[in-house]
Amino acid sequence: MQDNLFKINETEYILPGSRACQGCGLTLAYRHMLKALRENTVLTIPASCLCVLHGLYPITPVTVPCLNTTFASTAASASGIAAGLRALNKTDITVVAMAGDGSTYDMGIQALSGAAERTTDFIYVCYDNEGYMNTGTQRSSATPMGAITTTTPILTKEHSKKDFVRIMEAHDLPYLATTSPAYPIDLYEKFVKAKRIKGTRYMHIYSPCPPGWMFPAKDTVRMGQLAVETGIVVLFEIEDGKFRFTGRSKTMAERGKKQPIINYVGKQGRFRKMSIEQLNRLQAWVDSRWNDYLRKAEG
Amino acid sequence: MADVRILTGNEAAALGVKLCRPNVVAAYPITPQSQLAEILSRYVEGGEMRAEYVRVEGEHSALTVCISASTVGARTFTATSSNGLLYMHEQLHWAAGSRLPVVMCVVNRGVGAPWSIFNDQQDSLAQRDTGWIQLYCRDNQEIIDTIIQAYWIAESLYIPVMVCYDGFVLSHTMMPVDIPDAEEVRGFLPPYKAHTLLTPEAPRTINSVLFPWRRPNPEGVLCDGYMEMRYKLQAAMTRAHGVIQKANDDFAGVFGRDHGGLVWKYRCEDAELVFSGMGSIANEATVAADLLREEGIPAGVAGVRTYRPFPREEAAEALRSAKALVVLQKGLSYGYEGCLTSDLKAALYGTPLRIPVVDVVAGLGGRDVKAREIADAGRDAWKDLQAGKQGNRSLWLNCYTGEDHAG
Ligand SMILES: Cc1ncc(C[n+]2csc(CCOP(=O)(O)OP(=O)(O)O)c2C)c(N)n1
Ligand code: SF4
């Protein structure tokens, strides 16, 4: 995969004036994702930062048609859209459901699992900012262990992050990929590919969030890169059951090197209360997952 | 030649749905609705009905599928009962707030805890403030006819409609049903047109966040705020009175059956003792009225077919000659009284009619209610009236309340 910014679709689908925060990783990801999906796309989104990004009625900066739905129902909403379009013989439209980690990992898991089991023809995108950001940075089951949130303010989050991508793997999807706005080409190419495939495609975007993670807004891309370079986030895709590292994670796997997680954790205010014991546990968790992926890549 | 078949309520409902040709059906099984979900599956798999059938993993998703499919221009159907309906609650508001003409059958059943699979109407009564139109059926003929009218009403007003019928009492009981002719239904019910389409041809964000006030769009046109949208729903509900009556009358014109529109009347013209109720219990009350008439008590029934919007004027009109009112209902607002009692009392407020009202809670969780028992309740009300007692009363019919069960 040759990084080449010139081949990215030049049309903008998010105009200036979004209501997201400065340095929002989600916005960056969304911008490139929409460029890859292009015009013939409809979206459905639940309550979330993404819903806020879309602006206040009657003005929106987003030029792609979008249906708001309730917090737990994003994938069911996509099922309804897909069923309706099919019934009306409009089969050339890409249906996309996009939700935060909170609604995906927690309330929305039922509808998502159901839609995936029914092999609904849609792309589900989870942007993972590791917390309920829209409601003020509360803990979700995607929040990493040791992080301060507004509902784990003193003791920090006690439990490990749920490995949601593995749950989705277990649904035997035709396409599943992880990506990050820090690597726009990786993200772009994966969405271009996802659009071409039929059935349920699951896309997981790690989306750094300056206010929620407590780092300066200018460091979003750096934070996304560090997540990958420390192995906390792994870039890969699984197409028809075949696992493949991509981008930076691929080079890291080839060279057998990754940075210690302290390089990532130490740069975010949310981890400032993390104990040494927690740090070691998190490092062990990252190492063990990384080794799992290495084994997977060997086949 | 009329096509008359002996059908259960669920079978009649399924045929009604098929005649309306929905594009998308989504349902999740629950007793006593299950048979309806099963028959529709058979229609779709057997090629008798051309629809996408989404076998969802829960009722919240069932209604979500209908909502979203409706937004891309599909006619939709779902059905549920009891806890399934409660599980949809969030989406009930979402459907009405989005002004989507989803039609749903509610096969009425008591709600847990504790579990009861048997009939009452607490499930749909508890949803009365969600912005849906609620129509209650008396028999299986009315079920099939009401479903056809429901689509017409929903799509005229952009308000979702619940067609409610009693579990087991109707859903699993066979009755002769005259099946409307498919071509005539086609003529009666024009194709569905969405008010706002989700389509790449005209991109927009639907149902985005609102501020309390009105806000101009980029062209400077002031657009509705949350409250204006809510007012429009209420105004449409007010318009619904006429639309429901018209659906009833036009339907009667084509198919020859008149179900009364908002309120149906039985021997009401000169009735001094009037029963009211919804669904099969009100039908049972007609038998009680006959029994009382044989005894010389001028009894009648004013049945409420349309519960929301509430037919305030039609109900007051039906009660014109009443000297006492006995309200039979299979559901209540805990801490107050039967839901229909409150609504009827409110409808009488400000009219010259100042009559005693007996609030009868009956048939909860499938407890049997016989015409004879309804007649007894009526006779007691009549005796009180003759004795000059003017106060309102509450009564739990066929329920052991002795030795102060309170608490
Ligand atoms: C049924 C329900 N419960 C709670 C909420 C409140 N709520 C709105 S957004 C949100 C958090 C969203 O978190 P996530 O999905 O991670 O998206 P993010 O805000 O981080 O973008 C919550 C809890 C809701 N809208 N609906
Ligand atoms: S809180 Fe985080 S995810 Fe939400 S808009 Fe702000 S930066 Fe983006």
Side-chain angles (χ1 to χ4, degrees), chain A residues 13 19 38-47 51-90 92-95 97 107-108 110-118 120 134, chain B residues 22-26 28 50-76 90-91 93-94 98 102 192 194 196-211 214-219 221-226 229:
Chain A
Y13 301 88
R19 291 197 173 241
R38 294 175 186 258
E39 280 72 17
N40 226 6
T41 299
V42 296
L43 286 155
T44 180
I45 64 172
C51 161
V52 173
L53 182 157
H54 268 249
L56 294 168
Y57 181 79
I59 296 172
T60 178
V62 182
T63 65
V64 179
C66 176
L67 177 64
N68 278 271
T69 188
T70 54
F71 200 45
S73 67
T74 321
S77 177
S79 289
I81 294 171
L85 291 175
R86 218 158 70 153
L88 301 170
N89 286 324
K90 297 182 191 162
D92 58 336
I93 297 171
T94 306
V95 180
M107 251 190 234
Q110 172 185 318
L112 173 54
S113 181
E117 183 267 338
R118 296 189 299 270
T120 306
N134 181 42
Chain B
N23 306 105
V24 173
V25 174
Y28 189 83
R50 272 197 42 188
E52 290 290 316
Y53 192 129
V54 188
R55 284 112 179 143
V56 284
E57 75 302 324
E59 290 87 353
H60 195 278
S61 291
L63 189 47
T64 305
V65 165
C66 291
I67 287 169
S68 301
S70 190
T71 311
V72 296
R75 180 175 286 164
T76 61
E90 182 185 35
Q91 301 311 83
H93 283 279
W94 202 265
S98 312
V102 178
Y192 163 52
T196 310
L197 262 189
L198 181 73
T199 167
E201 282 149 34
R204 49 161 66 82
T205 294
I206 299 177
N207 285 334
S208 44
V209 186
L210 283 179
F211 266 0
R214 297 196 294 157
R215 229 175 149 241
N217 70 11
E219 285 80 46
V221 180
L222 209 51
C223 293
D224 289 345
Y226 183 86
M229 292 185 188

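A note on names: the letters A, B, ... follow the listed sequences, proteins ahead of strands, and every chain is numbered from 1. Atom set for the values below is all heavy atoms of this structure, side chains included, hydrogens, waters and symmetry mates excluded.
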**Q** Go through the atoms of A:Ile81 and report whether side chain, backbone, both or neither lie under 4.5 Å from a heavy atom of chain B.
**A** both
**Q** Is chain A contacted by the side chain of B:Arg215, its backbone, both, or neither, given a heavy-atom distance below 4.5 Å?
**A** both
**Q** Taking side chain as C-beta onward, heavy atoms only, is A:Leu56 less than 4.5 Å from B:Ser208?
**A** no
**Q** Provide the closest heavy-atom pair for A:Gly84 versus B:Ala74 in the form atom of the first, atom of the second, distance.
**A** CA-CB, 4.0 Å
**Q** Which region of A:Leu88, side chain (C-beta onward) or backbone (N, CA, C, O), has a non-hydrogen atom less than 4.5 Å from a non-hydrogen atom of chain B, or is it both or neither?
**A** side chain
**Q** Does B:Tyr226 have more than 12 heavy atoms from other residues, nucleotides or ligands lying within 6.0 Å of its OH?
**A** no
**Q** I need the minimum non-hydrogen distance between B:Pro203 and A:Thr63, along with the two atoms involved.
**A** CB-O, 3.1 Å
**Q** Taking the side chain as everything from C-beta on, heavy atoms only, tell me whether B:Ile67 gets closer than 4.5 Å to A:Ser77.
**A** no
**Q** Measure the shortest side-chain to side-chain distance between B:Glu57 and A:Ser113 over non-hydrogen atoms and say whether it is less than 4.5 angstrom.
**A** no
**Q** Does some side-chain heavy atom of A:Arg86 sit less than 4.5 Å from a side-chain heavy atom of B:Val24?
**A** no
**Q** Considering all heavy atoms of both residues, which atom of B:Val72 and which atom of A:Lys90 are nearest to each other, and what is their separation?
**A** O-NZ, 4.0 Å
**Q** Below 4.5 Å, heavy atoms only, C-beta onward: do B:Ser68 and A:Leu67 meet side chain to side chain?
**A** yes
**Q** Search all heavy atoms of B:Asn23 against all heavy atoms of A:Ala87 and return the closest pair with its distance.
**A** O-CB, 3.5 Å
**Q** Only one of B:Thr205, B:Ile206, B:Leu210 clears side-chain contact (heavy atoms from CB on, under 4.5 Å) with A:Tyr57; which?
**A** B:Leu210
**Q** So which part of A:Gln110 gets closer than 4.5 Å to some heavy atom of chain B, the side chain, the backbone, both or neither?
**A** both
**Q** In terms of heavy-atom proximity below 4.5 Å to chain A, should B:Thr71 be classed as side chain, backbone, both, or neither?
**A** side chain
**Q** Would B:Val209 and A:His54 satisfy side-chain contact (heavy atoms from CB on, under 4.5 Å), going step by step from the backbone distance to the final call?
**A** CA-CA 8 Å; B:Val209 186; A:His54 268 249; over 6 Å; no
**Q** Tell me, out of A:Pro65, A:Ala76, A:Ser73, who's got the most heavy-atom pairs with chain B below 4.5 Å.
**A** A:Pro65
**Q** Does any non-hydrogen side-chain atom of B:His60 lie less than 4.5 Å from one of A:Thr70?
**A** yes
**Q** Under 4.5 Å heavy-atom distance to chain A, tell me which part of B:Glu201 shows up: side chain, backbone, both or neither.
**A** neither
**Q** Please classify the contact between B:Ser70 and chain A as side chain, backbone, both or neither, with a heavy-atom cut-off of under 4.5 Å.
**A** neither
**Q** A:Val42 versus chain B, heavy atoms under 4.5 Å apart: side chain, backbone, both or neither?
**A** side chain
**Q** Check whether A:Thr44 gets within reach of chain B through its side chain, its backbone, both or neither, counting any heavy atom under 4.5 Å.
**A** neither
